[in-house]
Amino acid sequence: MPTTHAAYAAPAATSPLGPLSIRRREPGPTDVAMEILFCGVCHSDLHFARNEWGFTVYPCVPGHEIVGRVTAVGTKVSRFKVGQTVAVGCMVDSCRECASCRDGLENYCEKGSTFTYNSPDKFGTGPHTFGGYSTAMTVDQAFVLSVPESLDPAGAAPLLCAGITTYSPLRHWKVGRGTRVGVVGLGGLGHMALKLAHAMGAEVTLFTTSPGKAADARRLGAHNIVISRDEAQMSKAANSLDFIVNTVSASHDLNPFMNCLRRDGAMCLVGAPEHPHPPINVMGLIFQRRSLAGSLIGGIRETQEMLDFCGTHGIVSDIERIPMQKINEAYERMLKSDVRYRFVIDLASLKG
Ligand code: NAP
Ligand code: ZN
Ligand code: ZN
């Protein structure tokens, strides 16, 4: 029998989020049931809640930066035990058979990953999957991560999306000591990119539209700061970088950033705005053999590797804790780039 739990949901694209009761399945043999302690607030949650990408199903319970405590495990679960601090990111299942899944890249599952929210619910417990803006969930052990004990659980929650989404391209493009890396946008993803690229040994340049974030950027790991709306500063940065990770959540001109790449440099888009970017200047690509790419979160194996890397380097997110009831206000502040640097919901506010 599924059990009922408190959650917060968007009932429609134009309505604020509010309380909803949802069902979670009893743990099957390979399942881990957990009480949710903390859930980070990703800009993707806002894009989904407001149907900005056009494929949201309602009611929508967002949340894919989840840290919880195990309350029960199935008979075949050996890696997790009751009381352990665990985490769940953007996926709760995949086909596990296709070439991508076999390569540990469940995020690129050819049959479509089961995302933590807004995906068909294979178990039929709900109309579709519901995310971490809720007090409990049940997830197959193959999609549950271990959180290093040294990390603060609330600060670790954003690693599950903001962390892995920036870690994965930094690794894929082989960022390391001596690499000159640019990070565009200092929000949830951007601040993780600064910390991670710095820890990997890169020389890091932050591009921001918010001059008031400069001091924070230095503390978070930036060696250089460029105000991206200042043309003189942008010209000075031309042809200087090997790799750029662009985390901006809104449509903007990519060309000034492409122009900052050296020959053979690449810019990877992780920001996924509602509206398209203006056209890219092809000559700018051709003449310096530059690449424009994209990247989606990361696989489960790499997510564990990222958590362990953060454990070793003492990296967590800079967070502002909020009760569940403040989520609509948090969304408005996120839209004004007024978050330093991730809201994290304390699910104690929905319990009792
Ligand atoms: P966020 O915390 O709101 O940060 C976005 C940052 O972008 C802002 O802080 C701001 O930085 C900059 N920005 C916002 N509007 C801008 C504009 N009009 N022009 C230029 N810069 C602007 O969002 P987030 O949670 O980091 O997410 C960022 C994006 O990544 C979202 O679109 C989200 O959906 C997407 N995402 C993608 C993946 C993936 O797998 N690819 C995973 C997670 C999230 P400054 O103040 O420094 O300019
Ligand atoms: Zn996310
Ligand atoms: Zn697959």
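All ligand and atom numbering here is 1-based and tracks the order in the structure. For the numbers below, each heavy atom of this structure counts, side chains included, while hydrogens, waters and symmetry mates do not.
Using a cut-off of 4.0 Å between Lys/Arg side-chain N and Asp/Glu carboxylate O, Lys195 and Asp318 are scored as salt-bridged. A salt bridge is defined here as a Lys NZ or Arg NE, NH1 or NH2 lying under 4.0 Å from an Asp or Glu carboxylate O, and Glu35 with Arg69 meets this definition. Salt-bridge annotation for Arg171 and Glu305: present, with a side-chain N of the basic residue lying under 4.0 Å from a carboxylate O of the acidic one. The existence of a salt bridge linking Arg333 and Glu320 is confirmed by a sub-4.0 Å separation between a basic side-chain nitrogen and an acidic carboxylate oxygen. In summary, Asp103 and Arg301 do not engage in a salt bridge, as defined by a charged side-chain N under 4.0 Å from a carboxylate O. The pair Arg219-Asp216 meets the salt-bridge criterion, with a side-chain N (NZ, NE, NH1 or NH2) lying under 4.0 Å from an Asp/Glu carboxylate O. Between Arg290 and Asp264 there is no salt bridge, since no side-chain nitrogen of the basic residue lies less than 4.0 Å from a carboxylate oxygen of the acidic one.
In this structure, the side chain of Thr138 does not engage the main chain of Arg24 through any donor-acceptor pair within 3.5 Å.
Applying the 6.0 Å contact sphere to NZ of Lys236 captures no more than 12 heavy atoms from other residues, nucleotides or ligands.
Val270 pairs with exactly one of Ser295, Ser168, Ser249 by the side-chain contact (heavy atoms from CB on, under 4.5 Å) rule, that one being Ser295. Partner of Tyr117 under the ring-ring contact (aromatic ring centres under 6.0 Å, His included) criterion, out of His128, His64, His47: His64 alone.
Residue Thr165 holds the heavy atom nearest to atom 42 (C) of ligand 1 of all those in Ile227, Thr165, Asp216.
The nearest heavy-atom contact from the protein to atom 4 (O) of ligand 1 is Gly187 CA, 3.3 Å. For atom 5 (C) of ligand 1, the nearest protein heavy atom (residue, atom name, distance) is Ser249 OG, 3.7 Å. Closest protein heavy atom to atom 20 (C) of ligand 1: Thr209 CG2, 3.5 Å. Protein heavy atom in closest approach to atom 26 (O) of ligand 1: Leu189 N, 2.8 Å. Protein heavy atom nearest atom 29 (C) of ligand 1, with residue, atom name and distance: Thr247 O, 3.4 Å. Nearest protein neighbour of atom 3 (O) of ligand 1, counting heavy atoms only, is His43 ND1, 2.7 Å. Taking atom 17 (C) of ligand 1 as the reference point, the nearest protein heavy-atom neighbour is Ala250 CB, 3.9 Å. Counting only heavy atoms of the protein, atom 31 (C) of ligand 1 lies nearest to His47 NE2, 3.5 Å.
Residue contacts with ligand 1 for Ile297 involve both N, CA, C or O and side-chain atoms from C-beta outward (heavy atoms, distance under 4.0 Å). If you look at Ser295 next to ligand 1, the close heavy atoms, those under 4.0 Å, all belong to the backbone.
At least one N/O-N/O distance between Ser44 and ligand 1 falls below 3.5 Å. On a distance-only criterion, Gly188 and ligand 1 share at least one N/O pair closer than 3.5 Å. Considering backbone and side-chain N/O atoms, Val339 never comes within less than 3.5 Å of an N/O atom of ligand 1. The N/O atoms of Leu186, backbone and side chain alike, include one that comes under 3.5 Å of an N/O atom in ligand 1. Looking at Ser251 next to ligand 1, no N or O pair under 3.5 Å apart turns up.
If you number the atoms of ligand 1 from 1 as listed, the ones under 4.0 Å from a heavy atom of Gly185 come out as 11 (O), 47 (O). Distances below 4.0 Å separate heavy atoms of Cys161 from the following atoms of ligand 1: 42 (C), 43 (C). Below 4.0 Å from some heavy atom of Ser337 lie the following atoms of ligand 1, by number and element: 8 (C), 9 (O), 10 (C), 14 (C), 46 (O). For ligand 1, the atoms sitting less than 4.0 Å from at least one non-hydrogen atom of Val248 are 7 (O), 13 (N), 16 (C), 20 (C), 21 (N), 22 (C), numbered in the order shown with element in parentheses. Close approach of ligand 1 to Ser210 (heavy-atom distance below 4.0 Å) involves ligand atoms 45 (P), 46 (O). Within the listing of ligand 1, atoms 45 (P), 46 (O), 47 (O), 48 (O) sit less than 4.0 angstrom from a heavy atom of Thr208. Annotation for ligand 1: atoms under 4.0 Å from non-hydrogen atoms of Gly271 are 29 (C), 30 (O), 32 (O), 35 (C). Proximity to Trp53 (heavy-atom distance under 4.0 Å) selects the following atoms of ligand 1: 34 (O).
Looking at every heavy atom in both residues, Val77 comes nearest to Asp31 through CG2-O, 3.4 Å.
Contact analysis leaves Ala162 out of contact with ligand 1, as no non-hydrogen atom separation drops below 4.0 angstrom.
Between Pro59 and Pro11 the shortest side-chain heavy-atom distance does not fall below 4.5 Å. Here the side chains of Met234 and Val226 are in contact, with some heavy-atom distance below 4.5 Å. By the 4.5 Å heavy-atom criterion applied to side chains, His252 and Leu254 are counted as neighbours.
Between Phe343 and Tyr331, the ring centre distance reaches or exceeds 6.0 Å.
Rounded to the nearest 10 degrees, the angle SG (Cys109) to the Zn ion (ligand 3) to SG (Cys95) equals 100°.
Between the Zn ion (ligand 2) and Cys161 there is an N/O/S contact shorter than 2.8 Å. At least one N, O or S atom of Cys42 sits under 2.8 Å from the Zn ion (ligand 2).
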